[in-house]
*Asks:* 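This is the structure I want to talk about, given as structure tokens.
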Amino acid sequence: MPTRSCYQILYEVNILGIETSCDETAASVVEDGQELLSNVVVSQIDIHKVFGGVVPEVAARSHIEVMLPVIDEALAKAFPSAEDKWTKIDAIAVTKGPGLSGSLLIGVITARTLALIKNKPLYGINHVLAHVYANFINNHQDTSSRWIVPEFPVLALIVSGGHTQLALFRDHYDYELLGQTQDDAVGEAFDKVAKVLGLEYPGGPSIQQIVEEGGDVHRYEFPKARLSNPYDFSFSGLKTAVLRQVQVICGKDHAFPSFELAELLSSEQVKDVAASFQRVAVETLVDKTLKAYHEFSPRTVVVAGGVAANSELRRQLKERLPIDIEYAPINLCTDNAAMIASLGYFHAERKKVDNPHELEINTSLTM
Ligand code: KG4
Ligand code: ZN
């Protein structure tokens, strides 16, 4: 097993990406970190919807059931005419963290086993960092947007259900974390506020949709957190302020079960609370991105993670940022394995291969 990769001078390197950190079972093949050859995602959203959030044991069991068929489908779509599709794969990249332990284990054990029996180099990948690489993928299927390779320095706003970070990339694997959330991630705040308002999981798309039906964004003035590092985030105060406001509207106090409040709200009240919350959450993200843009003068700004799909975030960034942003298609903003395969390529150029007998998950892996 080589200790360093030999890919620096090679082209047409196909990496199989595997992603199972939360509630999506995904596999994808990406060539040279950029060309999307296949992208298969089986989402468990419908399974978890009835519980109002992800149930870890249910998620792990569901990953086991579909993991191998998802990988087979990704290989079949990438190489429809190849007899032995595995001969086309140069390495395997798998999410090793952060995420839910049971979910991560399914992907990592599968990748370790395949690396051994198919004799492929294995790379353990950081899921949060990988979200940024959705922006490095050329998705030929999406003809609605031009694709331009992000140029360094790249300012990245990473906004998902588990993470909210601003990072400045001078090159691949040469980045500075400018700030991060001190409590809830912004996607988590969307999900929790949606729950209080009686909207479906996942909360982000539900809130966006109901606000688009109308809603007064200034009906309620929710607070923005002030932190000593201007690039850090905090959304737990905003989430609690929304809950308190809903209690006031309903004439109930903290002793009243929060999951019963939604039944007392009119649809107009739901829309106004959702619109006022979304405005402040998004303004917070944009304020800090704008400040970092002016301080660090990046050549490119990218937005990564599930919340990058938010239309109000895109609208405010377009209105306030002096440069245009090219967004990854929505199916690459939310969890997928193409971003894992893409980062796997740049990772392989710079990092040691992982030992398939030893690669461990890390549920709280940081950037
Ligand atoms: O990146 P992702 O798919 O998974 C994580 O790594 O967490 O992000 C999921 C998060 C959820 O919190 C979901 O509510 C949020 O992204 N999200 C959105 C939108 N679409 C997904 N938030 C706001 N607006 C959206 N359109
Ligand atoms: Zn994610």
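One-based numbering, in listed order, for ligands and for the atoms of each. These figures come from a predicted structure and were not determined experimentally. Basis for what follows: all heavy atoms, side chains included, without hydrogens, waters or symmetry-related copies. Sequence positions, counted from 1, serve as the residue numbers for this chain.
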*Asks:* Can you report which non-hydrogen protein atom sits closest to atom 7 (O) of ligand 1, along with the distance?
*Replies:*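 Answer for atom 7 (O) of ligand 1: G161 N, 2.8 Å.
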*Asks:* Write out the residue and atom name of the closest protein heavy atom to atom 18 (C) of ligand 1, then the distance separating them to 0.1 Å.
*Replies:*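 So the nearest neighbour among protein heavy atoms is G204 CA, 3.5 Å.
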*Asks:* Among protein atoms, how many N/O/S atoms lie less than 2.8 Å from the Zn ion (ligand 2)?
*Replies:*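 Atoms of protein N, O or S type lying less than 2.8 Å from the Zn ion (ligand 2) total 3.
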*Asks:* Pick out which of Q316, Q209, Q208, Q278 makes a side-chain hydrogen bond (donor to acceptor under 3.5 Å, both in side chains) with S311.
*Replies:*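 Result: among Q316, Q209, Q208, Q278, Q208 is the only option passing the side-chain hydrogen bond (donor to acceptor under 3.5 Å, both in side chains) with S311.
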*Asks:* Output the distance between atom CD (E213) and atom OG (S267), rounded to the nearest 0.5 Å.
*Replies:*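 Going from the CD atom of E213 to the OG atom of S267 covers 8.5 Å.
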*Asks:* Can you report which non-hydrogen protein atom sits closest to atom 15 (C) of ligand 1, along with the distance?
*Replies:*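 The answer is V307 CG2, 3.9 Å.
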*Asks:* May I ask you to identify the nearest protein heavy atom to atom 11 (C) of ligand 1, giving residue, atom name and distance to one decimal place in Å?
*Replies:*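 In this structure, atom 11 (C) of ligand 1 has D191 OD2, 3.6 Å as its nearest protein heavy atom.
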*Asks:* Atom 21 (C) of ligand 1: which protein heavy atom is closest, and how many Å away?
*Replies:*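 Protein heavy atom at minimum distance: G306 O, 3.4 Å.
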*Asks:* What is the nearest protein non-hydrogen atom to atom 24 (N) of ligand 1, stated with its residue, atom name and distance?
*Replies:*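 Nearest protein contact, heavy atoms only, for atom 24 (N) of ligand 1 is N310 ND2, 2.9 Å.
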*Asks:* Tell me: protein heavy atom nearest atom 2 (P) of ligand 1, and distance?
*Replies:*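 Minimum-distance protein heavy atom for atom 2 (P) of ligand 1 reads D335 OD1, 3.4 Å.
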*Asks:* What about the rings of F190 and F277, do their centers lie closer together than 6.0 Å?
*Replies:*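 So the answer is yes for these two rings.
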*Asks:* If you measure from atom 26 (N) of ligand 1 to every heavy atom of H127, E24, Q208, which option wins on shortest distance?
*Replies:*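 That would be Q208.
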